[in-house]
Amino acid sequence: MTEVVRSACPLNCPDSCAFLVEKTQQGLRVYGDRENPITRGFICAKGRALAERVFSRDRLRFPQLRAGASWKRISWDEVYELLAREIRQTLAETGPRGILHHFDYGHNGVLRALDRRFFQALGGATEPRGSMCWGAGYRAQEIDFGAVRSSLWQDLVRAGLIILWGRDPAVTNIHLLPVLREARRQGAKLIVINPVRVRSAAFADAYFRVHPGTDGALALGLAHIILDRGWQDKDFVEAHVEGFSDFAVRVKDFPPAKVSALTGMRVEDIHSLAELIRQEKPVSFVLGYGLQRYTHGGNTVRAIDALAALTGNVGRPGAGVHFAHAYHKGKLNSLSLPPEDWQSRTFPHALLAQGLRQADPPVRMAFVTRSNPLAQQPDSLLWREAWQGIRFKVVLDTVMTETAKQSDLVLPVTTVFEEEDLIATSWSPFLQYAGKVLEPQGEAKPEPLLFTELARGLGLGRYFPFTASEWLEYVLEPLAQQGVTLGRLKEGPLRAPYIPEVAWEDCHFATPSGKVELFSEVARKESGDPVANFTGERSGVPDGDGSELEEETAEFPFYLLTPHPAAGIHSQFMEGKELRVYIHPSLAARFRLSPGDMVLVSTAGGQLRAPVAVSEAIHPGSVVIPEGAGGSFGSYSPRQCCHSGGRRGRGDGGKSADQRQGVRFGREHILL
Ligand SMILES: Nc1nc2c(c(=O)[nH]1)N[C@H]1C(S)=C(S)[C@@H](COP(=O)(O)OP(=O)(O)OC[C@H]3O[C@@H](n4cnc5c(=O)[nH]c(N)nc54)[C@H](O)[C@@H]3O)O[C@H]1N2
Ligand SMILES: Nc1nc2c(c(=O)[nH]1)N[C@H]1C(S)=C(S)[C@@H](COP(=O)(O)OP(=O)(O)OC[C@H]3O[C@@H](n4cnc5c(=O)[nH]c(N)nc54)[C@H](O)[C@@H]3O)O[C@H]1N2
Ligand SMILES: [Mo]
């Protein structure tokens, strides 16, 4: 009989699928667990690609050291010797801050955090802070509610109205679709708000197109109508909302006509949406992350949180703001060393490249784990410049990424199927054990083992006393009393016992006042305004059908949107996928472009050339380049690369990352 091993998808996708894996003559067969209530027996192209990667030709199998323009294979003993020498030299020159550790969301395994433990054992390092993914909205929810929590996925079935606000689950969260279908069968209405007519709009009751970056104005405008008509939930506001009167003053500035001009939504549509929110209770606001990757992204999420609180759609079944959940925080034993034992230097993720250029002491050595910053981080050109200025650069990965190609030492790590780990994510409530299915390919090493051996070589072995299994047991220790043990997880996923069905059901919010804080001194300190606001400008975004396109007075008149790809995840599995620049037919007509024509897209950060594709789905004032294509195996030269150049999120609750939000666009001049 073929052996079936339980595993789980480690990719940073909300679904976190429960895998069953069989070893076959041809390779690995991975399929979704039918018994798992989220996975329901189906997985996506990314999960299948993950299995193919194990034996793929692209796979890194041996450590490689740069030798001029090419690479030289070296042994692990040589690797450890070389790294110990480089680390000691850097520590002597600059102290631990001379080492950059860049990490992101390449793998959701709990044991991945041992990388940070290693640098903490050195005394700290230079690190990114906040996140390009969800940082702005995360901070906003911490300010409003005191923590980031959402109700369980199946609670949506109890909603009267579900608003997919800047989220496209048909691409980024496909296991939400059966839940949405079920909710609609039980009578819920489904609304999509997005500048792009995304795939999920196909099965919605209504689709509302907004100008990019203007959702905050829409939320404040909806609150304006609701307060104007006295439709707010007075009991909820009285008992659980702090700062209501300040918020009421703020929304006076957002009457429907003004909000219509800002967002491009018709006045009557804004009214009918406000009415739906009143009539179809309970309302679940299901937020994506695209809407908060703008300079005022935190304020946008605060405005939506406020709209939910005002209408009593918080802490009740079928209601709530589903942004993400951070329930695991503090519930599992942490792999970090005590904070008093180390001190890192941090830069906001969005500004890391600038930070590196100005860093004092300078960064001499860099480690990259579970990330591909040269493809994924903003300011691609600046990143390359900063990267090239670092003396010794080490990348740990399974394939030769864009970042790895421009490094000095590339170390092969195992895939999820070649080691064991525990997978916990920010949407699925399950804790899942991912077992080892097969031996590592070539000389690839599990990352926890790599850091353990490296620590021992540096005389820091006392910080890494455990095997992977022992670490997992340690992490799970606090849950043993509730029956969650490694042994039981090996039999199948378990719902984390601290994750409730309905978020904030007791209405004891984790804020200083214990209420939902629409007025916050912390927000004033971090963003200059204690109450959610919208300060964005229209910046040349045309209305509706594009017939009112303005004169190109602004240097960069269009918005660049980079939604996540269906075929892969960020730069992963996107090798060979062709880059396409999607535009609305009105823009194509204006520039006399046909599908396939080459265009040049420029931002203040860089430019790229690619063939154009034309679609009615695209907002006429935007240019859409799905994330990932041409990423890790990119064929364009650095000078042509503007990946993420046009959109910025805030790396943390602090300052705006960047004011440049636009792109310039036009027919490829060389071909004219
Ligand atoms: N297939 C696949 N699935 C994934 C991923 C992947 O790369 N591929 N990535 C995973 C990760 S790490 C994440 S963070 C999630 C993200 O999941 P989502 O939040 O669903 O997707 P994003 O691509 O981050 O956000 C882009 C969405 O926001 C919309 N958008 C952009 N600007 C605005 C705006 O101003 N207003 C509004 N209302 N909408 C706007 C875009 O059109 C797009 O639908 O997906 C996860 N799932
Ligand atoms: N323009 C633009 N940029 C974006 C976004 C966007 O929407 N638009 N989205 C942002 C978002 S939401 C996110 S989450 C980030 C994601 O940014 P990244 O996390 O940098 O993206 P990935 O391309 O997934 O790169 C992860 C790398 O980790 C590797 N990896 C996988 N497992 C392991 C492991 O166990 N150990 C090690 N060492 N490596 C491993 C993978 O092979 C891959 O090369 O990108 C952000 N950047
Ligand atoms: Mo993300």
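Order of listing sets the numbers, starting from 1, for every ligand and every atom in it. For clarity, every value in this text was computed on a predicted model and none was experimentally measured.
Those atoms of ligand 2 with a heavy atom of His564 less than 4.0 angstrom away are 5 (C), 6 (C), 7 (O), 9 (N), 12 (S). For ligand 1, the atoms sitting less than 4.0 Å from at least one non-hydrogen atom of Gly288 are 19 (O), numbered in the order shown with element in parentheses. Near Glu447, with a cut-off below 4.0 Å to any heavy atom, the atoms of ligand 2 are 34 (C), 36 (N), 37 (C), 38 (N). Below 4.0 Å from some heavy atom of Ser571 lie the following atoms of ligand 2, by number and element: 22 (P), 23 (O). With ligand atoms numbered from 1 in the order given, ligand 2 contributes 36 (N), 37 (C) to contacts under 4.0 Å with heavy atoms of Val413.
Of the N or O atoms in Lys46, one or more lie within a sub-3.5 Å distance of an N or O in ligand 1. Inclusion of Pro565 in the set of residues having an N or O under 3.5 Å from an N or O of ligand 1 is warranted. For ligand 1, the polar-atom distance check finds no N/O of His211 at less than 3.5 Å from any of the ligand's N/O atoms.
Under a 4.0 angstrom heavy-atom cut-off, Arg293 registers as being in contact with ligand 2.
Residue Tyr294 holds the heavy atom nearest to atom 31 (C) of ligand 1 of all those in Tyr294, Tyr559, Trp427. When the heavy-atom distances from atom 20 (O) of ligand 1 to Asn194, Thr214, Thr172 are ranked, the shortest goes to Thr172. Distances from atom 33 (C) of ligand 1 to the heavy atoms of Cys133, Gly213, Pro195 show the closest one on Pro195.
Using bins of under 30°, 30° to 60° and over 60° for the plane-to-plane angle, the ring pair His619/His211 lands in the perpendicular bin. Phe42 and His175 have parallel rings, their planes meeting at less than 30° on a 0 to 90° scale where 60° marks the start of perpendicular. Below 30°, between 30° and 60°, or above 60°: for Phe118 and Phe451 the angle between ring planes is between 30° and 60°, a tilted geometry.
Taking 4.5 Å as the limit, every side-chain heavy atom of His102 sits out of range of all side-chain heavy atoms of Thr403.
Checked against side-chain hydrogen bond (donor to acceptor under 3.5 Å, both in side chains), Trp383 has no partners two or more places apart in sequence or in another chain. By the ring pair (Phe, Tyr, Trp, His ring centres under 6.0 Å) test, Tyr433 is found to be paired with no residue, residues two or more places apart in sequence or in another chain being considered.
The environment of Arg199 atom CZ is sparse: at most 12 non-hydrogen atoms of other residues, nucleotides or ligands sit within 6.0 angstrom.
With a 4.0 Å cut-off on non-hydrogen atoms, Trp134 does not touch ligand 1 at all. For Pro169, no heavy-atom contact with ligand 1 is shorter than 4.0 Å. When heavy-atom distances to ligand 1 are checked against a 4.0 Å cut-off, Asn12 comes that close through both its backbone and its side chain. Counting heavy atoms closer than 4.0 Å to ligand 1, residue Val198 contributes side-chain atoms (C-beta onward) but none from N, CA, C or O.
The two residues Val399 and Ala404 make their nearest non-hydrogen contact at O-CB, 4.5 Å.
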